[in-house]
Protein chains: 2
Amino acid sequence: MASEELDSVDKGILYLLQEDARNNTTNAIGEQVGVSSSTVANRITKLEEGGVITGYHPTIDYEQTGMGHHLLIIATVPIDDQEEIVDDLVHVPGVVSVSELLTNNANLSIELVGQNKQEIEKSIGEMSGLGVDIERMDLLKRIRAFPYNHFGKEFTNEDDTG
Amino acid sequence: MASEELDSVDKGILYLLQEDARNNTTNAIGEQVGVSSSTVANRITKLEEGGVITGYHPTIDYEQTGMGHHLLIIATVPIDDQEEIVDDLVHVPGVVSVSELLTNNANLSIELVGQNKQEIEKSIGEMSGLGVDIERMDLLKRIRAFPYNHFGKEFTNEDDTG
DNA sequence: GTTGAAAAGAGCATACA
DNA sequence: TGTATGCTCTTTTCAAC
């Protein structure tokens with residue numbers, strides 16, 4: 001039920017959701033991919049239940065929110081404790097995303113925000129207390145996310161006059 | 001108009017949007033933060049226009065979609081060409097996000113997906129052709145994103161019985 | 001089992017206070 | 001910022017493929 005292949009309708013839906021997951025209505029999506037709105041709703045439900053779509057999140061420009069500091073941290077944790085530590089990292093103030101890597105060294109990529117250096121240092125301190133060994137830490141200039149561009153634009157009516 | 005401070009209503013809205021940006025209605029958000037639905041709609045519009053919210057995206061489990069390969073790449077590009085190269089990277093198949101870092105070395109973090117090694121290799125080749133110098137490349141185990149936990153949960157009625 | 005059409009209910013945008 | 005109205009969207013049901 002989960003890892004079934006996606007057909008062109010699913011791919012088109014995913015593509016359009018990646019463009020705007022909040023304001024793209026099932027109606028509009030249906031018109032773009034050539035099915036009715038109820039079909040779109042059914043498909044989306046299945047994609048959610050099947051674990052393909054795991055959530056919907058806004059992309060936030062932290063600099064606009066007073067979070068002057070936005071960092072990307074590469075760190076190492078013991079593999080056996082990786083999951084547990086990541087669970088704890090959720091509760092560290094300022095940590096907004098964590099990517100787990102399948103390596104021994106530098107197996108964690110952590111996105112951290114804070115209003116000032118004090119907040120950052122406090123978060124760093126908490127992370128260290130959890131057993132996170134920071135390898136490097138760089139200022140984030142910008143993050144860009146885009147629809148997986150071969151996911152289904154071909155299955156929509158969108159015009160690419162770029 | 002853009003970088004004004006956020007009040008508790010804004011923070012509560014952002015928190016709830018980060019929990020579920022698609023299914024959280026203005027009505028539900030309004031009840032949680034204690035304002036009317038129209039106020040929520042007005043605030044969201046301002047957050048969008050002010051550049052605080054730059055988009056809404058689903059989180060997709062690429063492994064469930066037949067994309068067996070999910071990589072995180074650390075790469076270096078010439079600083080002067082960074083923006084231009086990132087613009088080009090958008091069009092490389094399989095590239096789903098790019099983070100620009102403010103450093104000389106390893107100033108790009110690229111998330112790449114593909115159905116098989118051939119696709120990955122093809123994408124790598126295109127990236128190299130753009131002047132992207134790959135420093136390291138690791139398999140992604142999992143990515144987790146969470147609401148910035150000190151952003152406004154305190155301003156909602158949510159119960160944290162975890 | 002999946003899709004599409006229609007009805008009922010809910011949510012959203014606009015105007016106005 | 002809140003309230004009210006008209007309009008749109010979503011959801012459910014049910015028939016058809």
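Here is how names work: the chains are called A, B, and so on, in the same order as the sequence lines, proteins then strands, and each is numbered from 1. We use all heavy atoms of the structure for the numbers below, so side chains are in, but hydrogens, waters and symmetry mates are not. Fair warning: this is a prediction, and the values are worked out from it, not measured in the lab.
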CD1 of Ile53(B) to CG of Leu47(B), rounded to nearest 0.5 Å, is 4.5 Å
In short, salt bridge (charged side-chain N to carboxylate O under 4.0 Å, His left out) pairs touching residues 89-106 of chain B with sequence neighbours left out are Lys141(A)-Glu100(B), Arg142(A)-Glu100(B), Arg144(A)-Glu100(B)
Could you pull out the protein-nucleic contacts involving nucleotides 9-16 of chain D (nitrogen or oxygen on both sides, under 3.5 Å)?
residue: dT10(D); atom: OP1; partner: Thr26(A); partner atom: N; Å: 3.1
residue: dT10(D); atom: OP2; partner: Thr26(A); partner atom: N; Å: 3.2
residue: dT10(D); atom: OP2; partner: Thr26(A); partner atom: OG1; Å: 2.4
residue: dT10(D); atom: OP2; partner: Asn27(A); partner atom: N; Å: 3.3

Students should find that the nucleotides of DNA chain C closing off the region near chain A, any atom under 4.0 angstrom from a heavy atom, are dT2(C) to dA5(C)
On a heavy-atom basis, the closest approach of Ile29(A) and Ile13(A) is CG2-CG1, 3.8 Å
Residues 21-41 of chain B vs salt bridge (charged side-chain N to carboxylate O under 4.0 Å, His left out), sequence neighbours excluded, gives none
Query raised in the report: Applying the 4.5 Å side-chain criterion to the ILVMFWY set and letting contacts propagate, would Val90(A) and Leu112(A) be lumped into a single cluster?
Result: yes
Worksheet item: When hydrophobic residues are tied together by side-chain contacts of less than 4.5 Å, even through go-betweens, does Val96(A) share a cluster with Ile143(B)?
Response: no
Distance col, row Asp138(B):CG vs Ile74(B):CD1, nearest 0.5 angstrom, shows 8.0 Å
Between its two end axes (five pairs each) the helix from dG1(C)-dC17(D) to dA17(C)-dT1(D) turns, nearest 10 degrees, through 30°
Value for CG (Leu140(A)) from CG (Leu72(A)), rounded to nearest 0.5 Å, stands at 5.0 Å
ILVMFWY network linking Ile134(B) to Leu101(A), side-chain heavy atoms under 4.5 angstrom
no
In short, salt bridge (charged side-chain N to carboxylate O under 4.0 Å, His left out) pairs touching residues 103-114 of chain A with sequence neighbours left out are none
